[in-house]
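The block underneath contains the structure these notes are about, expressed in structure tokens.
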Amino acid sequence: MLVLGIETSCDETGVALYEVGRGLLGHALYSQARMHAVYGGVVPELASRDHIRRVLPLIEQILESSGKKLGDIDAIAYTQGPGLAGALLVGASIAESLAFALNVPALRIHHLEGHLLSPLLEESPPPFPFVALLVSGGHTQLMRVGGLGDYELLGDTLDDAAGEAFDKTAKLLGLPYPGGPAISKLAESGCPGKFHLPRPMLGSGDLNFSFSGLKTSVLNLVTHHQPLSEQIRADIARAFQDAVVEVLVGKSMAALKHTGLERLVVSGGVGANRQLRQSLNHAATEHGCSVFYPRLEFCTDNGAMIAFAGAMRLQRQTVGDHAFSVKPRWDLADLTAP
Ligand code: KG4
Ligand code: ZN
């Protein structure tokens, strides 16, 4: 069974082909980051228009590189939500029209389920159950994952998501969008301990997060150290990253303890952060647990995770009427097994 995956929830157009029994045959991605960087963040209308330009050529590209034809496709998985409504509608309308034309099922995938399952695309994937730390631009959640569609929310952010905090802090430091990779790079030359920022909610006794206060702390540092030297910017980036990483690691270990589970799966864009990976690996080893990540390119949005989630949900799907809607807001815990 060959599944085509289409991801258009935000500023990345991703497509992939996944064959059940064989694995990932091909994937392609077009990132709009440079287009949005001029505006300091994603401009939804520009994102939708660009997805329209990219999706079909990318599909043709992966079909050709995988030696497959449109007629070989058995199902089309696409991101139904959450995300930007206009951007989602582009993927939905193309996926449903193609599925109608090919007379195959369309699989409506939750974007976060895609992220959450993405480490299972790697060799030696973790068996269920596990704890998942989802850290993206829009979400920071700890989930107990019992199986496909069995997601229990353990903790959530009360305000900004981790990735959002990276992006906003980057702006304060005069770094380009997206902020995560830029802060991560700058923090490498920062002096650890030069500045100390709060560890929000680390001792709250629950598994929730709050990151919006950190940007105020960063703003205070920035205001007090004008004009910012390159070294001070790096020191602030390091202090910010240390704070976020310590909180994410502390809460993840608490979630493992709370659930009694020994496997942690990390996904979403912030999961690409090198310092976060090092600290999580270290803490997990100390707790006798293992951590699983997607490869770096599948931490951020991509079509492979959508094709894969589609393949996992394929068994029970039938060809529907292809009437569709998107879900810009959609709780992961509302999903059920296929
Ligand atoms: O998962 P993702 O591609 O999109 C959403 O579903 O939101 O995550 C994007 C987020 C952005 O906020 C970006 O700044 C952050 O992930 N990010 C990083 C890194 N790479 C991407 N944050 C920290 N360190 C990184 N290396
Ligand atoms: Zn995402």
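As the structure lists them, so they are numbered: ligands from 1, and atoms in each ligand from 1.
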**OP:** For ligand 1, note which part of His139 has a heavy atom under 4.0 Å away: side chain, backbone, both or neither.
**Re:** neither

**OP:** Just let me know how Arg274 lines up against ligand 1, side chain, backbone, both or neither, with a heavy-atom cut-off below 4.0 Å.
**Re:** neither

Original post:
Which bit of Asp167 gets closer than 4.0 Å to ligand 1, counting heavy atoms only: side chain, backbone, both or neither?
Top reply: side chain

**OP:** With the side chain counted from C-beta on, respond yes when Leu186 and Glu230 share a heavy-atom pair under 4.5 Å apart, and no when they do not.
**Re:** yes

Subject >> From Gly41, Ser184, Gly137, Gly14 - option closest to atom 8 (O) of ligand 1 by heavy atom >> reply: Gly137

Original post:
Charged N to carboxylate O under 4.0 angstrom, Lys251 versus Asp206?
Top reply: yes

**OP:** Would you please classify the geometry between the Tyr18 ring and the Phe308 ring as parallel, tilted or perpendicular, with 30° and 60° separating the classes?
**Re:** perpendicular

Original post:
Taking NZ, NE, NH1 and NH2 as the nitrogens, is one of them in Arg295 or Glu123 under 4.0 Å from a carboxylate oxygen of the other?
Top reply: no

**OP:** Determine the interplanar angle of the Phe211 and Phe209 rings, folded into 0 to 90°, and report it as parallel if under 30°, tilted if 30 to 60°, perpendicular if over 60°.
**Re:** parallel

Original post:
Of all the atoms in ligand 1, which lie at a distance below 4.0 Å from a heavy atom belonging to Gly138?
Top reply: 7 (O)

**OP:** State whether Glu19 and Lys68 are salt-bridged, where the test is any N-O pair (Lys NZ or Arg NE/NH1/NH2 against Asp/Glu carboxylate O) under 4.0 Å.
**Re:** yes

Original post:
Does Pro178, backbone or side chain, put an N or O under 3.5 Å from an N or O of ligand 1?
Top reply: no

Original post:
Is Arg277 positioned over the aromatic face of Tyr293, cation under 6.0 angstrom from the ring centre and no more than 45 degrees off axis?
Top reply: yes

**OP:** Using 2.8 Å as a strict upper limit, say whether an N, O or S atom of His115 approaches the Zn ion (ligand 2) that closely.
**Re:** yes

Original post:
To the nearest 0.1 Å, how far is atom 21 (C) of ligand 1 from its closest protein heavy atom, and which atom is that?
Top reply: Gly269 O, 3.4 Å

**OP:** Give a yes/no on ligand 1: does Cys10 have at least one heavy atom closer than 4.0 angstrom to it?
**Re:** no

Original post:
Transitively linked via ILVMFWY side-chain contacts under 4.5 Å: Leu116 with Leu207?
Top reply: no

Original post:
Closest non-hydrogen protein atom to atom 24 (N) of ligand 1, residue and atom name please, with distance?
Top reply: Asn273 ND2, 3.0 Å

Original post:
Is there an N/O/S atom in His111 at a distance below 2.8 Å from the Zn ion (ligand 2)?
Top reply: yes

**OP:** For Leu280 and Ser252, run side-chain contact (heavy atoms from CB on, under 4.5 Å): C-alpha distance rounded to whole Å, both residues' side-chain angles, the deciding distance at 0.1 Å, then the answer.
**Re:** CA-CA 8 Å; Leu280 277 174; Ser252 300; 4.1 Å; yes

Subject >> Atom pair CG (Leu248) and CE (Met253), whose distance is rounded to the nearest 0.5 Å >> reply: 10.5 Å

**OP:** Report, in ascending order of atom number, the atoms of ligand 1 lying under 4.0 Å from any heavy atom of Pro181.
**Re:** 19 (C), 20 (N), 21 (C), 25 (C)

Subject >> Ionic contact status for Asp50 with Arg53, cut-off 4.0 Å >> reply: yes

Subject >> Glu64, CD: over 12 other non-hydrogen atoms inside 6.0 angstrom >> reply: no

**OP:** Find all atoms of ligand 1 within a distance of less than 4.0 Å from any non-hydrogen atom belonging to His115, and give their numbers and elements.
**Re:** 1 (O), 6 (O)

Subject >> For atom 22 (N) of ligand 1, closest protein heavy-atom neighbour >> reply: Gly180 CA, 3.3 Å

**OP:** Output the atom name for the N/O/S atom of Asp301 with the smallest distance to the Zn ion (ligand 2).
**Re:** OD1

Subject >> Close N or O approach (Gly268, ligand 1; < 3.5 Å) >> reply: no

Original post:
Would one find an N or O of Glu12, backbone or side chain, under 3.5 Å from an N or O of ligand 1?
Top reply: no

Original post:
Considering only heavy atoms of His111, which atoms of ligand 1 have at least one such atom less than 4.0 Å away?
Top reply: 6 (O)

Original post:
Just which atoms of ligand 1 are under 4.0 Å from any heavy atom in Gly163?
Top reply: 12 (O)

Original post:
Among protein heavy atoms, which lies nearest atom 2 (P) of ligand 1, and at what distance?
Top reply: Asp301 OD1, 3.5 Å

